[in-house]
There are 2 protein chains.
Amino acid sequence: MRELGIGDLARRVGMRPSALRYYESIGLLPPAGRVAGRRVYPVGTVRRIALIKMAQRARFTLAEIRQLLDTTVDRGATRQWRALAERKLPELDRFLQETQALRDAVADCLACGCMNFDSCQLLSSGPAGDAA
Amino acid sequence: MRELGIGDLARRVGMRPSALRYYESIGLLPPAGRVAGRRVYPVGTVRRIALIKMAQRARFTLAEIRQLLDTTVDRGATRQWRALAERKLPELDRFLQETQALRDAVADCLACGCMNFDSCQLLSSGPAGDAA
DNA sequence: CTCAGGGTTCAAGTGCGCTTGACGTCAAGG
DNA sequence: CCTTGACGTCAAGCGCACTTGAACCCTGAG
């Protein structure tokens, strides 16, 4: 079975058909082929959706993900994809750093013996530079 | 100046007053003191908001953040805060791992010479375990 | 005194990421 | 033949995190 109906696909990727239709509607998935009016997806779609979910977990919006993936889909866009990926990398790194900082803050806080996160001494200095 | 009006506070933390009122309405900020009907905030609120933003950047919902912080605010809740923090730590770690994985995937992909993220060979094996 | 510039409340609106509902079509099975 | 069930479309709804608008009040500078 090299093609999947929307229900099958949805089950495979753990989403609802409505979500897949929605993705198509916003151009995140290419228009599915039709057989008797019904959508049929090549199995590769499973992988594409896995990528989407991956990027989503990293806080990319669907619009961003569409850019990441859509710079694609036909030939030629390699250059564009690379440009975008290179742009995204530092963003990801920055985000990772921030999150790591929070993680460490929580961990330190636990180790520090303070009463709670809000009142922790360790955090008084660091986390978010004030914006005055 | 040990107390701030809502406008001042908003400016300091780079948000709009409406957001601060909203935070209060959902219990994320304790009810501000009032002077002639107007909210006044102790300067410490700046720090609290910095923490909120920090946690937000790490994808905590405001409801979760409220829990993280509210286990607080009066005495006694230390135990609770610790329990919650300990619960959150692994979540954070998991999230960090996933994000790191995405970052690496993008980086590898750039290095791999593939046409785009979607078609990258390197990713064919790894990212999201299928759910069939 | 006046009035501009904040502040107050409450209800409704916004954008994102979907879901749900109403209604319709079609193919397969009893 | 008729029903069942999965699929189709389209519009509306939902939860989150806020913003905006309408209507009102207060303070203080000119």
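Residue numbers begin at 1 in each chain, while the letters A, B, ... track the order of the sequences.
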Provide, to the nearest angstrom, the distance between the [atom1] atom belonging to [X] and the [atom2] atom belonging to [N].
X	N	atom1	atom2	answer
B:Ile6	C:dT9	CD1	P	8 Å
A:Ile65	C:dC18	CD1	P	9 Å
A:Asp8	D:dG5	CG	C1'	14 Å

Excluding sequence neighbours, so at least two apart, what forms salt bridge (Lys or Arg N to Asp or Glu O under 4.0 Å) with [X]?
X	answer
B:Glu64	B:Lys88
A:Asp104	none
A:Arg38	none

(request) Summarise how protein sits on nucleotides 14-20 of chain D as a single string, 5' to 3': B when a protein heavy atom is under 4.0 Å from the base, S for sugar-phosphate-only contact, - for no contact. (result) ---BBBB
(message) What does the B/S/- profile of nucleotides 21-30 of chain D look like, 5' to 3', with a 4.0 Å heavy-atom cutoff to protein?
(response) -----B----
(request) Could you tell me whether the phosphate oxygens of C:dT9, OP1 or OP2, come under 4.0 Å of any side-chain nitrogen or oxygen in B:Arg39? (result)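 For C:dT9, OP1 or OP2 has a side-chain N or O of B:Arg39 closer than 4.0 Å.
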(message) I'd like to check the ring pair (Phe, Tyr, Trp, His ring centres under 6.0 Å) partners of A:Phe60; sequence neighbours left out, ordered by chain and number.
(response)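 By the ring pair (Phe, Tyr, Trp, His ring centres under 6.0 Å) rule, A:Phe60 matches no residue at all.
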(request) Could you tell me which residues satisfy side chain to side chain contact (heavy atoms under 4.5 Å, CB included) with B:Ile26, sequence neighbours excluded, listed by chain and number? (result)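 For B:Ile26 the side chain to side chain contact (heavy atoms under 4.5 Å, CB included) partners, ignoring immediate neighbours, are B:Tyr22, B:Leu28, B:Leu62.
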(request) State which residues pass side chain to side chain contact (heavy atoms under 4.5 Å, CB included) with B:Ala19; sequence neighbours excluded, sorted by chain then number. (result)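 For B:Ala19, the residues satisfying side chain to side chain contact (heavy atoms under 4.5 Å, CB included) (neighbours in sequence not counted) are B:Met15.
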(message) Less than 4.5 Å apart, side chain to side chain, heavy atoms only: is that true for A:Val46 and A:Leu4?
(response)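 A:Val46 reaches A:Leu4 side chain to side chain.
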(message) Taking side-chain hydrogen bond (donor to acceptor under 3.5 Å, both in side chains) as the definition, give me every residue that meets it alongside A:Arg21, ordered by chain and number, with sequence neighbours left out.
(response)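 side-chain hydrogen bond (donor to acceptor under 3.5 Å, both in side chains) list for A:Arg21, sorted by chain: empty.
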